[in-house]
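Residue indices begin at 1 and follow the sequence shown.
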Amino acid sequence: MTMSEDVIKEGIASLAKEIACRRTFAIISHPDAGKTTLTEKLLLYGGAIHMAGSVKAKRDQRQATSDWMEMERQRGISVTSSVMQFSYGGCQINLLDTPGHQDFSEDTYRTLVAADSAVMLLDNRKGVEERTRQLFSVCKRRRIPIFTFVNKCDRIGANPLTLLDDIEADLGIVCVPMTWPIVGPTGFVGVYDRRHGMVNLFTGAGDHGASRSAVRSVPLDSSEVRGAVGVVEYDKLCAEIELLDAAVPPFSEESMLAGEMSPMYFGSAISNFGVESFLGDFLRLAPPPTSRQSTKGTVNPDSSEFTGFVFKIQANMDPKHRDRIAFLRICSGTFTVGESVLHVRTGKQIKLSAPQQFMAQERVGIEKAWPGDVIGVLDRGSLRIGDTLSAAGPLEFQDIPRFPPERFARVVPKDPLRRKQLDTGLRELTEEGAAQVFYEDSAIGPAPIVGAVGLLQFDVLQFRLEREYGAPCRFDYISHRYPRWVLGPRSRVIQEAAKRGCMLLYDTKGTPIYLFDDSWKLRSTLQNVNDLVFHEVAP
């Protein structure tokens with residue numbers, strides 16, 4: 001065997017090893033189910049932080065790592081996806097924390113495209129809620145393996161057997177409890193690990209979950225378990241375990257990977273109970289980076305040629321330097337700093353400089369990255385969400401979702417002398433994909449109109465325009481809310497807009513868009529105007 005063959009063989013083995021130890025996943029939930037808290041505790045147990053923070057931090061408390069944006073810290077909500085990378089148990093973890101609020105659906109859905117698996121977080125009192133149902137359907141369509149974590153078991157909630165039945169009936173997925181909650185006279189005291197047949201009893205550290213909880217693993221029939229729960233609750237626990245063993249199908253890793261079965265865990269993120277056992281199981285069962293479909297067929301992660309796609313743009317992560325970061329999910333091959341790759345949309349070769357990995361806002365420079373990794377590259381405005389970067393020729397990954405705006409508002413500057421800063425801010429912030437800018441004339445005019453999926457996005461835009469760009473403004477909402485992009489002769493586009501009584505706007509590329517004030521006018525126009533072409537999203 002020649003030296004060059006040895007090098008190639010060594011490179012293939014190294015790539016396979018790096019792929020096998022990577023886990024890239026997102027956490028999905030309804031707002032207030034405890035998603036950011038669980039993220040914080042996974043970081044704590046993964047050793048990425050030494051003390052967990054609070055989502056709604058008091059003055060003397062540490063704030064949540066993933067909520068790095070000033071508005072998030074002030075309001076105690078997540079408004080943008082965060083990427084956190086750390087090592088634990090021999091695995092390299094890429095954890096994607098997504099906003100729970102439906103007004104930030106676009107950011108969440110795009111982040112899910114970058115994930116290989118998902119953790120579905122449920123409130124033990126409420127079970128499956130509407131937002132969870134929507135995000136679950138996205139994962140199911142993509143056949144993403146889903147792990148279920150029932151949170152807030154430190155509070156009185158629904159009967160876990162009832163909860164199990166409700167989840168399966170609502171979502172149409174088989175749930176297999178891997179742990180089972182144990183409640184004693186003092187409340188939630190531990191979980192029964194069905195795989196190992198042991199009881200994990202928890203003891204809080206007395207610091208409201210800021211540090212790791214002590215865990216004692218003891219047999220189910222031990223006197224310690226009986227003493228912790230009492231005779232009545234112990235008999236009830238044994239009956240429930242016996243029922244589970246008889247009624248619940250055995251866990252199948254194959255069914256889980258196909259998105260047909262979900263391993264289920266119980267715990268309390270706020271007190272750390274059940275988090276460590278969940279994390280250990282998750283890393284054992286979750287899949288490494290998977291193959292991706294492209295316009296040139298299947299792209300396997302162990303392909304030697306580098307490919308990746310941009311799923312998120314974030315401006316001003318470092319406000320002092322007004323930077324712009326493109327988040328890139330690596331799909332195949334090995335990324336090396338300074339590598340020249342094809343920017344497929346423009347057909348140009350570009351050099352990816354200063355690649356970084358993240359712990360929310362904090363970052364560190366890297367020399368190499370592998371499939372499954374999420375890296376940030378400095379961007380001067382050439383990259384867009386959905387762009388494919390490739391050393392394997394002009395292929396494209398096409399499953400990045402796009403959404404039409406549902407709400408519109410006119411932007412009114414409070415200080416006309418700051419109009420230049422306002423225009424710059426609108427351009428850069430809308431390039432993140434959270435909103436779109438339109439004008440009432442094909443030449444970019446004086447009255448920008450912003451379209452967004454939800455009303456809360458306008459609050460975020462207003463806050464960031466003032467804080468990051470020094471451009472205070474207000475939004476005057478418009479009643480029209482049913483958009484369609486229009487292609488056809490300019491005279492016909494203008495004529496039909498006047499005839500149909502719809503609002504005519506133009507996007508930043510000069511493409512006309514109709515806004516209708518009710519759904520009946522929209523349907524009538526689509527049915528009766530045959531010489532124009534309508535698109536739900538920008539063509």
Is there a side-chain contact between Met84 and Asn94, using heavy atoms and a 4.5 Å cut-off? no
Give a yes or no on whether the backbone of Thr336 and the side-chain of Glu367 come within a donor-acceptor separation of less than 3.5 Å. no
Would you say the side chains of Ser217 and Asn200 form a donor-acceptor pair under 3.5 Å? yes
Determine whether the aromatic ring centres of residues Phe266 and Trp180 are separated by less than 6.0 angstrom. yes
Just how far is it from atom CD of Glu253 to atom CG of Leu257, taken to the nearest 0.5 Å? 5.5 Å
May I ask you to test the Leu389-Val344 pair for a side-chain heavy-atom distance under 4.5 Å? no
Apply side-chain contact (heavy atoms from CB on, under 4.5 Å) to residues Val113 and Phe309 and explain how you reach the verdict. CA-CA 10 Å; Val113 174; Phe309 62 87; 3.9 Å; yes
Can you measure from OH (Tyr265) to OG1 (Thr148) and round to the nearest 0.5 angstrom? 10.0 Å
Test your reading of the model: is there a side-chain donor-acceptor pair from Lys140 to the backbone of Gly172, 3.5 Å cut-off? yes
So, Thr307 versus Ser332: side-chain donor-acceptor pair below 3.5 Å or not? yes
Would Lys152 and Asn124 count as having a side-chain donor-acceptor pair, cut-off 3.5 Å? no
State, to 0.1 Å, how close Arg329 and Pro289 come at their nearest heavy-atom pair, and which atoms those are. NH2-CB, 3.7 Å
Measuring from Glu240:CD to Asn159:CG, what's the distance to the nearest 0.5 Å? 6.0 Å
Non-hydrogen side-chain atoms of Asp373 and Thr24 separated by less than 4.5 Å: no
Quick check for you: to the nearest 0.5 Å, what is the distance between Met178 atom CE and His196 atom NE2? 9.5 Å
Minimal heavy-atom distance between Ser117 and Ile144, with the atoms involved, is CA-CG2, 3.3 Å
Glu339: partners by salt bridge (charged side-chain N to carboxylate O under 4.0 Å, His left out), with sequence neighbours left out: none
CZ (Arg143) with more than 12 external heavy atoms under 6.0 Å: no
Taking the side chain as everything from C-beta on, heavy atoms only, tell me whether Phe306 gets closer than 4.5 Å to Ile330. yes
Would you check if the distance from the ring center of Phe278 to the ring center of Phe149 is below 6.0 Å? yes
Given side-chain contact (heavy atoms from CB on, under 4.5 Å), test Leu283 with Arg23 step by step and report yes or no. CA-CA 7 Å; Leu283 297 181; Arg23 302 291 184 270; 4.0 Å; yes
Between the side chain of Ser262 and the main-chain N/O of Ile146, is any donor-acceptor distance below 3.5 Å? yes
Report yes if some heavy atom in the side chain of Ile366 is under 4.5 Å from a heavy atom in the side chain of Gln356; otherwise report no. no
Nearest heavy-atom pair of Pro371 and Gly333: which atoms, and what distance? CD-O, 3.0 Å
Determine whether a donor-acceptor pair (N or O, by modelled atom type, separation under 3.5 Å) exists between the side chain of Glu168 and the backbone of Cys175. yes
Among Phe251, Phe136, Phe282, which residue satisfies the ring-ring contact (aromatic ring centres under 6.0 Å, His included) criterion with Phe147? Phe282
Does a salt bridge link Arg284 with Asp281, judged by any charged N lying under 4.0 Å from a carboxylate O? yes
One pair to check against side-chain contact (heavy atoms from CB on, under 4.5 Å): Leu112 and Cys139. What are the steps and the verdict? CA-CA 7 Å; Leu112 285 175; Cys139 294; 4.1 Å; yes
Is there a side-chain contact between Ile313 and Ile325 (heavy atoms, below 4.5 Å)? no
Asp221 backbone acceptor or donor facing Arg226 side chain under 3.5 Å: yes
Flag for Thr295-Glu396: side-chain donor and acceptor within less than 3.5 Å: no
Between Glu431 and Arg324, is the salt bridge (charged side-chain N to carboxylate O under 4.0 Å, His left out) condition met? List the steps. CA-CA 10 Å; Glu431 283 174 355; Arg324 173 186 161 106; 2.3 Å; yes
Phe25 side chain reached by Ile93 side chain, heavy atoms, under 4.5 Å: yes
Heavy-atom closest pair (Ala326 atom, Leu383 atom, distance to 0.1 Å) is CB-CD1, 3.6 Å
Distance alone, cut at 3.5 Å: any donor-acceptor contact between the side chains of Thr298 and Gln293? yes
When you compare the side chains of Arg195 and Thr179, does any donor N or O come within less than 3.5 Å of an acceptor on the partner? no
Check Asp116 against Pro145 and note the closest heavy-atom contact, atom names and distance. O-CD, 3.4 Å
CE on Met264 to CZ on Arg194, rounded to 0.5 Å: 11.0 Å
With rounding to the nearest 0.5 angstrom, report the CG to CD1 distance, Leu135 to Ile27. 12.5 Å
Could you tell me whether a side-chain N or O of Thr162 sits under 3.5 Å from a main-chain N or O of Ala158, the two making a donor and an acceptor? no
Kindly determine whether Glu260 and Ile173 satisfy side-chain contact (heavy atoms from CB on, under 4.5 Å), including the steps that lead there. CA-CA 6 Å; Glu260 299 167 354; Ile173 190 171; 5.7 Å; no
Using every non-hydrogen atom in the two residues, find where Asn151 and Ala33 come nearest and quote the distance to one decimal. ND2-O, 2.9 Å
Could you check if a side-chain atom of Leu164 sits within less than 4.5 angstrom of a side-chain atom of Leu244, using non-hydrogen atoms only? yes
So, the side chain of Ser303 versus the backbone of Asn300: is there a donor-acceptor pair under 3.5 Å, distance only? no
Salt bridge between Glu18 and Arg22, side-chain N to carboxylate O under 4.0 Å? yes
Using a 6.0 Å cut-off, check whether atom CG of Leu243 has over 12 heavy atoms from anything other than its own residue. yes
